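Here's the structure, in structure tokens; my notes come after.
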Amino acid sequence: MPRSQTSAERRVLDALDETELVDTLVELVRVPSVTGTDAESELQHVVARWFEEAGLEVDLWALDLDDLRADPDFPGTEAPRVEGHGVVGTASGDGEPGLVLQGHVDVVPVGDLTNWPGAQPFSARIDNGRLHGRGACDMKAGMAVNLAVARALHRSGVRTERRLALHSVVSEEDGGLGAFATLRRGHRGAAAVITEPTSGRLVTANAGALTFRIEVAGRAAHGSTRQEGVSALDAFWPVHLALRDLETRRNAVRHLLFADNPLPYGISVGTLHAGDWASSVPDLLVAEGRMGVRLGEDPQLARADLEDAVGVAAAADPWLRDHAPRVTWPGGQFASGRLPAGHPLMTEVTDAVEVVTGIRPAEAAAPYGSDLRLYTGVGGIPTLHYGPGDVRLAHAPRESVPLAEVVEVARALALVAARRLGAH
Ligand SMILES: [Zn+2]
């Protein structure tokens, strides 16, 4: 049974302004901060100002992209990027922050505009208690929650034994460069909550993800005499089947945290490019996709697994035997990550969520890579995800978030912060 609240904890919860929380979310969604765009940078500057207004000391800096790209642990990027900014706000005082609340300001592109109501993906329209728009749940709602918690602590007038820090990062959607840069700059904390959408659960681990490229050669010929050539598309087929088999094999044994997920480590080809003329036999096919990395698996072993599978398929094929497919690894390279088993953050968040919602949240793992693996890995910061919204709506044309859930999460995390930081 979770313990009842102290008067300091109640003062923090009372200081949480729910109207302002929703207004902030609306403002956030209205900035089309697609990863790598100018709007992403603009939003970081707005966030820096909000952090300052919430009583935090702000570190706002321009990322040194050349320096970061040269780092052996550089996580990779997919969107073209000419600049990026980091923003960290820390409550005044000394010592390592006792709690970090982290969120990313970038969102994925909107896709086909006609799939959005009124062709307006950044309207932040509120309808039946849900706020709609690109980034609504992934993860501007989480960003708004983080701010609301900092504001509540600041305005409540409580004193805390340890400090709160907020991290606002760019480039989560294309590899985690913003989180990486924030950690490389030296920002740390005793524990972190990333407020990505988790549908009321606590996500304590995530699978990794690696972007691969496979180039398969064919032999060009005129389409009218196609048998004179070799279609790179046909040549790719056994490779694709090998990827399917590999996926089955890699998902045959699953971690308990993935008990309800039939395919936590998916392998999916996302783009295919072949040929340059309709009546020519294509002499090159380039397939790009992603493969999941198992919990605790070295990404290097995952890469070797895929390269071996392609190699075995090629060895069994008369054409590919002499024209070996080329596998490379451009773009995002996410290792898996996990909150250390038994870390007190798990109990603290579980108890606070139960106090606020009356429901003890389940623990789960996410099949996608996120900043969690950088915070637990590069940063050595025990980290979990808990945030408003359903990740199945993220990246989708009708992305939305229920406002009641946004408020609940903010209240639960305000309580976590008050307790973990020793509010009195
Ligand atoms: Zn996200």
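Nothing here was measured: the structure is a model prediction, and the numbers come from that model. Quick note: residue numbers are just sequence positions, from 1. As the structure lists them, so they are numbered: ligands from 1, and atoms in each ligand from 1.
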Flag, side chain of Asp106 to backbone of Glu172, donor-acceptor distance under 3.5 Å: yes
Near the Zn ion (ligand 1), which protein N/O/S atoms are found at less than 2.8 Å? His104 NE2, Asp138 OD1, Glu196 OE1, Glu196 OE2
Taking the six-membered ring for Trp, are Tyr375 and His167 parallel (under 30°), tilted (30 to 60°) or perpendicular (over 60°)? tilted
Are the aromatic rings of Phe334 and Tyr368 close, with centres under 6.0 Å apart? no
Trp329 versus Met291: any side-chain heavy-atom pair under 4.5 Å? yes
Determine whether a donor-acceptor pair (N or O, by modelled atom type, separation under 3.5 Å) exists between the side chain of Gln102 and the backbone of Ile194. no
Within the side chain of Arg360, is there an N or O that forms a donor-acceptor pair under 3.5 Å with the backbone of Asp351? no
